[in-house]
Peer 1: 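Take this structure first; my questions come after.
In what follows, every chain begins at residue 1, and chains take the letters A, B, ... in the order their sequences are listed.
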Number of protein chains: 2
Amino acid sequence: MENEKTNSKTITIYDIAREAGVSASTVSRVLTGNAAVRQDKKERIQSIINKYNFRPNALAKGLSDTSTKTIGIIAADVRNPYYSALFVACEVAAEKAGYSVSLANSLGEKEREQAQLDLLMQQRVDAIIQMGGRVDDLITDDAYAEKVRNVCRTTPVVVTGKLDKAPVHSVVIDDAMGMSIVMEHLIGLGHRKIALVGGEMRVNSTFLKYQKYREILAQHGIQENGEYVVNGTYDPESGYEATNKILELSNRPTAIIAINDFAASGALRSIREHKLHVPKDISVISFDNTYITDLVMPKLTSVDYNYDEYGKILIEIATQAAMGGETDSIRMIKPQIVIRDSTGPVPKEK
Amino acid sequence: MENEKTNSKTITIYDIAREAGVSASTVSRVLTGNAAVRQDKKERIQSIINKYNFRPNALAKGLSDTSTKTIGIIAADVRNPYYSALFVACEVAAEKAGYSVSLANSLGEKEREQAQLDLLMQQRVDAIIQMGGRVDDLITDDAYAEKVRNVCRTTPVVVTGKLDKAPVHSVVIDDAMGMSIVMEHLIGLGHRKIALVGGEMRVNSTFLKYQKYREILAQHGIQENGEYVVNGTYDPESGYEATNKILELSNRPTAIIAINDFAASGALRSIREHKLHVPKDISVISFDNTYITDLVMPKLTSVDYNYDEYGKILIEIATQAAMGGETDSIRMIKPQIVIRDSTGPVPKEK
DNA sequence: ATAAGGATTGAAACCGATTTCAATTTTAAT
DNA sequence: ATTAAAATTGAAATCGGTTTCAATCCTTAT
């Protein structure tokens, strides 16, 4: 009942061996190139392989090799251009290193994330890269931390972000530096009334940015205005609402830092509806430098992480770990600002 | 040299069996639930499984089952929200059906696409879904068609689009109907000078739209203006340039149909730079209804395909085909218009 | 022509599950 | 208490590769 495919029988290494009049071992040797085979036999076997377009069963290979040359990737949501950019960068880098990747989306659900961790482990991927998602919850959720620790026991895990609850490898964006660059850019343009839009403080990367924001304000002798910081959920609608609140203040800021490009697009809409102009009346800057920066008007100044490089590093660490490299490594990604049309000099006081 | 992981030995069904004092067969039976096991033994085994957090090796399982419960998906580029939306819809639908998915991006390169087809076949996915990509080239590229035919011999392939060169299953968007809806919407608003922006005629879905566009113009007795049709490459920049050309015509159109939301965003920019307003001076409508429609100003009227439903159908066909269903099925997706702020009544002649 | 040495080769074991088949244990019926 | 029928169980084969190890085949030097 199960296997009633009408497909032609899939051909195996034994079929090739029989037709070539050699043993399966010999066919395997030409397949892997791990050992010498006499030239004429090699050619004969190769031609039969070509004739049938034979491809060795990756399951059997992985079972015997104990390596699948596959890296599992769990992303929060590839519909977010930040993750899709990073995923594609990983895929390309992996391919260069002779690995393929397999993607799963956690969609921000802890249960999905754990199920996917399990699944990838079962599939015997050589390493798992976890981008975003509910990693931050590990700090509070012990059962979850235990699960990750368990996975780490058999499969190396690389996480984008920091994590002390489990022996994972980390690649972290220097969020403080990112905020620092943003603040210096704005302050250099004369801004002193700077608002922060979007983000949840329980998310580490957001919290680090906030800390730096305060630190730099202090450095420049600027009094922090609590009303200028409005949390949100990283989407356009939330950026829109947060900005609405801010623009209704009697003492409006002259610059808005959005937690990501999505929130910034919402901010732009709110600003437009308040009949203000960017960057003449108010500057907007954001993080992630996704293609969204190019779609909205004006084009957004944003903080970039060099996704190609970022992906390359993730894959590098993952493959090294897969080959038994040391655990607990940590690498930093240095952000860079990409200046477009949404930031400009502070407007003159009237 | 190869296997110098310091990880603890991965535990197998035999380890569980030994500790439970039963045979591996019995452990397997509680794992799969395919056969009865005495209650007390079952519980003992289950508790040992839990104790070690044991997960059966999916490679070994797949090898013995001849089903991996995995569906391979090849997308043109998940960075495009059309594909990411469809991919996530597939992932969710697959999960409900007890399958997992594995994603590869062809990035519009024929060689990558073929390599990925090969790889997925080697990984013994139960079916392959190919979304977009160079499928259209199959019509002209015989070597490629031969490759696909070869894959089809062992693994069912589901394609988004039509294809007679290989025995694949098809899910196609009714592009003609989409264009029809768009045209009726615009004509209903009084527009008669309607331009078409972006797209390459060699791409079937684009060509079908163009055909319907002409057909409907004719139906309404509107003379086609060749200058109103400007091809492009589906990205913002291309939509921008095409629209620039159109807006420099002496006899400007009052509505622009963009081939997708990206092109539409470029069109909006061009229109803005020409000091025109949407939809007061000119209406803009596009295809795909991605989240981009929500980011730009004004929000875009666009044609939606109900991605959840679309993904569900793709997975349905893929899983049925995997279980030996008939080949060569074809399903149609009916598009729907989502009206937002970018389309309005034709401006009064001055 | 022959022995030593290296190059090729195949048989068999292994990777970790599932499943068939026959044997054994339970349970139910008489 | 017996026996037939039903429920459990384990041994062994299988899935399709890779690799070890011992055997066989060539070379080349003597």
Peer 1: With no angle test and no hydrogens, is the base of C:dG10 tied to the side chain of A:Arg29 by a donor-acceptor pair under 3.5 Å?
Peer 2: yes

Peer 1: Is the distance from OP1 or OP2 of C:dT8 to the nearest side-chain N or O of A:Lys41 less than 4.0 Å?
Peer 2: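 The answer is no; no side-chain N or O of A:Lys41 sits under 4.0 Å from OP1 or OP2.
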
Peer 1: Could you tell me whether a side-chain N or O of B:Gln116 sits under 3.5 Å from a main-chain N or O of B:Asn105, the two making a donor and an acceptor?
Peer 2: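 Here the side-chain-to-backbone pair exists.
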
Peer 1: Kindly point out which of C:dG10, C:dT18, C:dT8 is positioned nearest to the side chain of B:Ser64?
Peer 2: C:dT18

Peer 1: Less than 4.0 angstrom from a charged side-chain N to a carboxylate O is my criterion; do B:Glu146 and B:Arg149 meet it?
Peer 2: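 A salt bridge links B:Glu146 with B:Arg149.
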
Peer 1: From B:Leu120 CG over to A:Arg55 CZ, what is the distance, rounded to the nearest 0.5 angstrom?
Peer 2: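 Those atoms lie 13.0 Å apart.
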
Peer 1: Hey, does the side chain of A:Ser102 reach the backbone of B:Ser102 with a donor-acceptor pair shorter than 3.5 angstrom?
Peer 2: no

Peer 1: Can you tell me the distance, in whole Å, between the CZ atom of A:Arg124 and the P atom of D:dG16?
Peer 2: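 Result: 20 Å.
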
Peer 1: Okay, side chain of A:Thr319, backbone of A:Ile315: is any donor-acceptor separation there less than 3.5 Å?
Peer 2: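 Flag set: sc A:Thr319 to bb A:Ile315 pair under 3.5 Å.
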
Peer 1: Want to settle it: does B:Ala36 or A:Thr26 sit nearer the 5' end of DNA chain D, counting the closest nucleotide to each?
Peer 2: B:Ala36

Peer 1: Using heavy atoms to find the nearest nucleotide of DNA chain C for B:Arg38 and B:Asn57 separately, return the residue whose nucleotide is more 5′.
Peer 2: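 Whichever sits nearer the 5' end wins; that is B:Asn57.
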
Peer 1: So, is A:Asn34 close to the D:dT19 phosphate, meaning a side-chain N or O under 4.0 Å from OP1 or OP2?
Peer 2: yes

Peer 1: Which residue in the set B:Gln39, B:Lys41, B:Gln46 passes side-chain hydrogen bond (donor to acceptor under 3.5 Å, both in side chains) when paired with B:Glu43?
Peer 2: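 Testing B:Glu43 for a side-chain hydrogen bond (donor to acceptor under 3.5 Å, both in side chains) against B:Gln39, B:Lys41, B:Gln46 leaves exactly one candidate, B:Gln39.
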
Peer 1: Can you work out whether B:Gly21 or B:Leu63 has the more 5'-proximal nearest nucleotide on DNA chain D?
Peer 2: B:Gly21

Peer 1: Regarding A:Ser25, tell me which of base, sugar-phosphate or nothing describes its non-hydrogen contacts under 4.0 Å with the strands shown.
Peer 2: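 A:Ser25: base contact, heavy atoms under 4.0 Å.
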
Peer 1: Would you find a donor on one side and an acceptor on the other, under 3.5 Å apart, between the side chain of B:Ser47 and the backbone of B:Arg44?
Peer 2: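 Answer holds: yes.
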
Peer 1: Over how many whole Å does the gap from B:Asp65 atom CG to D:dC15 atom P extend?
Peer 2: 13 Å

Peer 1: Check if the side chain of A:Tyr14 and the base of D:dG16 share a donor-acceptor pair of N or O atoms closer than 3.5 Å.
Peer 2: no

Peer 1: Is there a residue in residues 45-53 of chain A whose heavy atoms reach under 4.0 Å of DNA chain C, and which residues are they?
Peer 2: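 Of all residues in residues 45-53 of chain A, none places a heavy atom under 4.0 Å from DNA chain C.
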
Peer 1: Which part of the nucleic acid does B:Ser28 contact within heavy-atom distance under 4.0 Å: base, sugar-phosphate only, or nothing?
Peer 2: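 Result for B:Ser28 = base.
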
Peer 1: For the helix from C:dA1-D:dT30 to C:dT30-D:dA1, what is the angle between the axes at its two ends, each from 5 pairs, rounded to 10°?
Peer 2: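 Answer rounded to 10°: the end axes differ by 40°.
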
Peer 1: Given C:dT9, C:dC15, C:dG16, identify the nucleotide with an atom nearest to the side chain of B:Thr12.
Peer 2: C:dG16

Peer 1: Taking A:Val172's backbone N and O only, do any of them form a donor-acceptor pair with A:Ser170's side chain (distance below 3.5 Å, no angle check)?
Peer 2: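 No.
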
Peer 1: Under 3.5 Å, is there a donor-acceptor pair between the side chain of B:Asp77 and the main chain of B:Leu107?
Peer 2: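 Between the backbone of B:Leu107 and the side chain of B:Asp77 there is no qualifying donor-acceptor contact (under 3.5 Å).
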
Peer 1: Under the rule for ring pair (Phe, Tyr, Trp, His ring centres under 6.0 Å), what residues qualify as partners of A:Tyr307, not counting sequence neighbours?
Peer 2: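 Once residues adjacent in sequence are excluded, the partners of A:Tyr307 under the ring pair (Phe, Tyr, Trp, His ring centres under 6.0 Å) criterion are A:Tyr82.
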
Peer 1: With a 4.0 Å cut-off on heavy atoms, is A:Val27 in touch with a base, just the backbone sugar-phosphate, or nothing at all?
Peer 2: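 Since no nucleic acid heavy atom lies under 4.0 Å of A:Val27, the category is nothing.
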
Peer 1: Between C1' on D:dG16 and CD1 on A:Ile16, what's the gap in Å once rounded to a whole number?
Peer 2: 12 Å

Peer 1: Please determine if a side-chain N or O atom of A:Ser23 lies less than 4.0 Å away from the OP1 or OP2 oxygen of C:dG10.
Peer 2: yes

Peer 1: D:dT9, C:dT9, C:dT18: which one has an atom nearest the side-chain heavy atoms of B:Lys61?
Peer 2: C:dT18

